[in-house]
Number of protein chains: 2
Amino acid sequence: MIVSTKGRYALRVMVCFAQRGREEYIPLKEIAESEGISQKYLESIMTVLSKAGFVDAVHGKGGGYRLNREPEEYTVGAILKLTEGSLATVSCTTQGASACSRSTCCQTLPMWERLDKMVDEFFEGITLADLLKEEQ
Amino acid sequence: MIVSTKGRYALRVMVCFAQRGREEYIPLKEIAESEGISQKYLESIMTVLSKAGFVDAVHGKGGGYRLNREPEEYTVGAILKLTEGSLATVSCTTQGASACSRSTCCQTLPMWERLDKMVDEFFEGITLADLLKEEQ
DNA sequence: GTATTTACCTAGTATTTCCATGGGTAAGTA
DNA sequence: TACTTACCCATGGAAATACTAGGTAAATAC
């Protein structure tokens, strides 16, 4: 598995906010219920999104969260990298060249690097606006 | 991370066998030492490769393992699927359509399915022979 | 036929990551 | 002042990961 619930939840929630527009603030409780996600768990995810400036937060009644920018301006890659920390497919490529003693002669490393690049380009090529258009 | 050490070790070991040809059997101990992998851990991986008919095993002195087929006939995908069990990037796509109650209306599911397909085609498009040619 | 070498089998275990849960505090609104 | 909301910190269970340990069975060499 390359993406855990944390990143997947973050993405789904961001899609929700994108659908709702930037007119009003939506409380976390509402999003958690409509998406069927644990409210407490979602809190920790929203904190990350908020601190990174992906969403705008307001306390008190009538408060909640909303997007800070237009859906076109968020790539799936940016959201996932923020919440997941890394999207590396193997640890070989994450830890830098010095981590694995065999990196200089490893026959499989170039393949992992190509895969990482491909996955990164895939995620960077999709925005929230693209996901909104998605139909089943 | 999409591929754990188990799959990565399996791949590296298969490359080793491919490099050594099918003339002689190579004992696990030799491979483990040259690759710097725990001998005992590698045992469990070789058992899987052996049972699947990917390698041929012979007991006693002069015994060991060797490839059963030519390097061109092994795709990276086949080796990884065998040892990792699954190469699904998210659990949404693994557990079948019924697993996630939101699969029919999920705005992100089509993206995960496209990613899975892309990754699968990537791995299926590379053989052991291709890895042998790899240069750093 | 005994010793050695190798693969094969079963079980256990320490560590880490994942996926939350619980309880409180601070900020803003009616 | 009461209420609603975001924010903060600590804890815990479950599963996976990456081994480790100790034995058994098969083949070969002497």
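Just the heavy atoms: all of them, side chains too, but no hydrogens, waters or symmetry mates, feed the values below. Chain letters run A, B, ... following the sequence lines, proteins first and then strands; every chain starts at 1.
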Inset, instruction - State plainly whether the residues Lys117(B) and Asp120(B) are in salt-bridge range, i.e. N to O under 4.0 Å. - result: no
Just how far, in rounded Å, is [atom2] of [N] from [atom1] of [X]?
X        : N       : atom1 : atom2 : result
His59(B) : dA7(C)  : NE2   : C1'   : 4 Å
Gln39(A) : dG24(C) : CD    : C1'   : 15 Å
Tyr41(B) : dT15(C) : OH    : P     : 17 Å
Tyr65(A) : dG28(C) : OH    : C1'   : 14 Å
Phe54(B) : dA7(C)  : CZ    : P     : 19 Å
Tyr25(B) : dA26(D) : OH    : C1'   : 14 Å
Glu30(B) : dT5(C)  : CD    : C1'   : 14 Å
Arg8(B)  : dA18(D) : CZ    : C1'   : 11 Å

Give a yes/no on whether any side-chain N or O of [X] is located under 4.0 angstrom from OP1 or OP2 of [N].
X        : N       : answer
Ser4(B)  : dA18(D) : yes
Ser38(B) : dC19(D) : no
Ser50(B) : dC8(C)  : yes

Inset, instruction - Check the side chains of Arg8(A) and Thr83(A) for a donor-acceptor pair under 3.5 angstrom, ignoring hydrogens and angles. - result: no
Inset, instruction - Between dA6(D), dG23(D), dA20(C), spot the one nearest the side chain of Lys40(B), thanks. - result: dG23(D)
Legend entry - Donor-acceptor pair, side chain of Asp56(B) and main chain of Asn68(B), under 3.5 angstrom: no
Inset, instruction - Kindly say whether Val55(B) contributes a backbone atom to a donor-acceptor pair with the side chain of Arg66(B) at under 3.5 angstrom? - result: no
Which pairs, protein N/O on one side and nucleotides 1-3 of chain D N/O on the other, fall under 3.5 Å?
none

Inset, instruction - Let me know, please, whether Glu84(B) or Leu28(A) comes out on the 5' side of the other along DNA chain D by nearest nucleotide. - result: Leu28(A)
Inset, instruction - Could you check Tyr9(B) against Glu43(A) and say which one's nearest nucleotide on DNA chain D is further toward the 5' end? - result: Glu43(A)
Inset, instruction - Report the residue (Gly60(A) or Val58(B)) whose heavy-atom-nearest nucleotide on DNA chain C is the more 5′ of the two. - result: Val58(B)
Inset, instruction - Please identify each residue that fulfils side chain to side chain contact (heavy atoms under 4.5 Å, CB included) with Ser38(A), with sequence neighbours left out. - result: Lys40(A), Tyr41(A)
Legend entry - Set of residues satisfying side chain to side chain contact (heavy atoms under 4.5 Å, CB included) with respect to Glu70(A), sequence neighbours excluded: Arg22(A), Glu72(A), Glu73(A)
Inset, instruction - Flag this pair as yes if the NZ/CZ of Arg69(A) is under 6.0 angstrom from the six-membered ring centre of Phe54(A) and inside a 45 degree cone about the axis; otherwise no. - result: yes
